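What follows is one structure encoded as structure tokens, with my remarks underneath.
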Amino acid sequence: MAVIAFIPVRGGSKSIPLKNIKPLAGKPLVCWAIEALEYCPSVDKIIVATDSDAIEQVVMQRSYSKTEIYRRAAENATDTASTESVMLEYLNVHSLHNEDIFMLVQATSPLTQTQHFSEALLQYRSSNADSLLSCVRNKRFFWRENGTPINYDYKHRPRRQEFDGMMMENGAFYINTVANILRDKNRLSGKIAIYEMPEYTATEIDEPEDWLYLEQLIRRKNLG
């Protein structure tokens, strides 16, 4: 049973041009995810799925031992194409075993470290879950637009240290089997487990202000 990590990265980005290879704290954005996976002994192969010559050049000029480039089809690299479309494209082109573990990894979550991948894969293999996603614990109080609370009783407001909060998807990674993805055409399926990540990993890079915040956070926490 092999573990394949799959990183989809497009050349186009409207908010931050060539975002996926722009240096973040001195390292191209996509390389943060690649290098965390390269150091993870549980991962057998890393696939960077891209439509960009520039991204391919940046990745291949580094001495990675487990990383390969997959040139995704143009129709699956548009602004409107889903991540599932390029996952399914790759799985339909390559003959993988149904029981192989397929881990979708987002380059826009550069704070994911080797430890997180290792722990999540161990949790997945030791559980009876069909798939798994990464989350962070959010201790904010949420309300509906009609003025009713979602996750607490405002008449008995809990103290933060006594409040469990809610699990929020942080977009860092998703784990499933090849068979499940091909059958359900989705990154998640069946019984879903949650791997809880530290609260500081909640931010994904979508806008320039996210970039500035994460650069400061990386330096402050001495990550990478």
Side-chain angles (χ1 to χ4, degrees), residues 5-39 46-62 64 67 69-72 74-87 103-117 133-143 145 165-174 187 195-224:
F6 188 79
I7 310 175
V9 281
R10 298 188 304 117
S13 175
K14 291 181 178 178
S15 59
I16 305 173
L18 283 176
K19 172 177 67 178
N20 290 302
I21 52 173
K22 180 180 176 181
L24 175 74
K27 186 189 301 182
L29 176 60
V30 67
C31 295
W32 285 89
I34 292 172
E35 291 175 17
L37 291 162
E38 282 275 341
Y39 285 111
I46 305 160
I47 305 299
V48 178
T50 187
D51 61 325
S52 167
D53 291 338
I55 292 175
E56 179 176 0
Q57 183 178 1
V58 165
V59 172
M60 296 310 294
Q61 70 186 9
R62 293 180 173 242
Y64 295 138
T67 302
I69 293 290
Y70 172 72
R71 292 304 295 246
R72 61 200 284 182
E75 61 266 26
N76 290 327
T78 64
D79 289 339
T80 57
S82 68
T83 299
E84 269 73 9
S85 69
V86 69
M87 291 169 60
M103 181 163 59
L104 170 63
V105 177
Q106 305 281 35
T108 50
S109 298
L111 301 183
T112 311
Q113 297 174 276
T114 300
Q115 174 188 352
H116 302 139
F117 291 125
L133 80 157
S134 61
C135 291
V136 297
R137 191 174 297 276
N138 190 310
K139 292 199 173 188
R140 298 286 186 177
F141 298 134
F142 291 96
W143 288 72
E145 290 184 5
M166 298 177 69
M167 300 305 287
M168 182 183 80
E169 190 171 335
N170 69 348
F173 58 85
Y174 307 80
R187 70 191 73 184
Y195 171 72
E196 185 176 347
M197 292 181 67
E199 188 177 9
Y200 69 81
T201 65
T203 303
E204 299 178 72
I205 292 183
D206 289 315
E207 301 297 333
E209 51 267 32
D210 301 328
W211 196 282
L212 295 173
Y213 170 73
L214 285 184
E215 278 201 323
Q216 292 171 356
L217 188 59
I218 286 169
R219 293 191 173 100
R220 190 165 67 245
K221 289 188 170 291
N222 199 26
L223 300 174

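As the structure is a prediction and not an experimental result, all values here were calculated from the model.
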**Report entry** Atom pair CG/CD of Leu111 and Glu204 - distance to nearest 0.5 Å
**Finding:** 11.0 Å
Requested in this report: Taking side-chain hydrogen bond (donor to acceptor under 3.5 Å, both in side chains) as the test, write out the residues that go with Thr78, two or more places apart.
Outcome: Thr80
Query raised in the report: With a 4.5 Å heavy-atom cut-off, do Arg62 and Pro28 have their side chains touching?
Result: yes
Listing, residues 48-57 side-chain donor-acceptor contacts under 3.5 Å, not counting sequence neighbours, or none:
from	atom 1	to	atom 2	distance (Å)
Thr50	OG1	Val9	O	2.9
Thr50	OG1	Ser52	N	3.1
Asp51	OD1	Gly11	N	2.9
Ser52	OG	Ala54	N	3.2
Ser52	OG	Ile55	N	3.1
Asp53	OD1	Arg71	NH1	2.9
Asp53	OD1	Arg71	NH2	3.1
Glu56	OE1	Arg71	NH1	2.6

Query raised in the report: Taking only residues two or more places apart in sequence, or in another chain, which ones meet Tyr64 in a side-chain hydrogen bond (donor to acceptor under 3.5 Å, both in side chains)?
Result: Glu35
**Report entry** All side-chain hydrogen bond (donor to acceptor under 3.5 Å, both in side chains) counterparts of Glu75, not counting sequence neighbours
**Finding:** none
Query raised in the report: Residues in side chain to side chain contact (heavy atoms under 4.5 Å, CB included) with Glu196, at least two apart?
Result: Arg137, Met167
**Report entry** Contact summary for Gln115 and Tyr195, nearest pair of heavy atoms
**Finding:** O-OH, 4.2 Å
Query raised in the report: Can you list the residues that meet the side-chain hydrogen bond (donor to acceptor under 3.5 Å, both in side chains) rule with Thr67, with sequence neighbours excluded?
Result: Glu38
Report summary line: Taken to the nearest 0.5 Å, the spacing of Phe142 CZ from Met168 CE works out to 7.5 Å
Query - Rounded distance (nearest 0.5 Å) linking atom OH of Tyr174 with atom CD of Glu169 - result: 3.5 Å
Query - Arg72/Arg10 under side chain to side chain contact (heavy atoms under 4.5 Å, CB included): CA gap, chis, key distance, verdict - result: CA-CA 9 Å; Arg72 61 200 284 182; Arg10 298 188 304 117; 3.5 Å; yes
Residues 206-215, side-chain donor-acceptor partners within the protein, below 3.5 Å, at least two apart:
from	atom 1	to	atom 2	distance (Å)
Asp210	OD2	Asp206	N	3.1
Asp210	OD2	Glu207	N	2.9
Glu215	OE2	Ala25	N	2.9

Requested in this report: Only counting residues at least two apart or in another chain, list the ones meeting side chain to side chain contact (heavy atoms under 4.5 Å, CB included) with Thr83.
Outcome: Pro8, Met87, Leu104, Arg187
Query - Shortest non-hydrogen contact from Trp32 toward Leu223 - result: CH2-O, 3.8 Å
Report task. Report the residues that fulfil side chain to side chain contact (heavy atoms under 4.5 Å, CB included) with Thr114, sequence neighbours left out, ordered by chain and then residue number. Result -> Ala36, Tyr39, Cys40, Ser118
Query - All ring pair (Phe, Tyr, Trp, His ring centres under 6.0 Å) counterparts of Phe117, not counting sequence neighbours - result: Phe173
Query - Taking every non-hydrogen atom, the tightest pair across Lys19 and Ile205 - result: NZ-O, 3.4 Å
Report task. Apply side chain to side chain contact (heavy atoms under 4.5 Å, CB included) to Ala172 and list each qualifying residue two or more places apart in sequence or on a separate chain. Result -> Ser109, Thr112, Ser134, Asn170, Met197
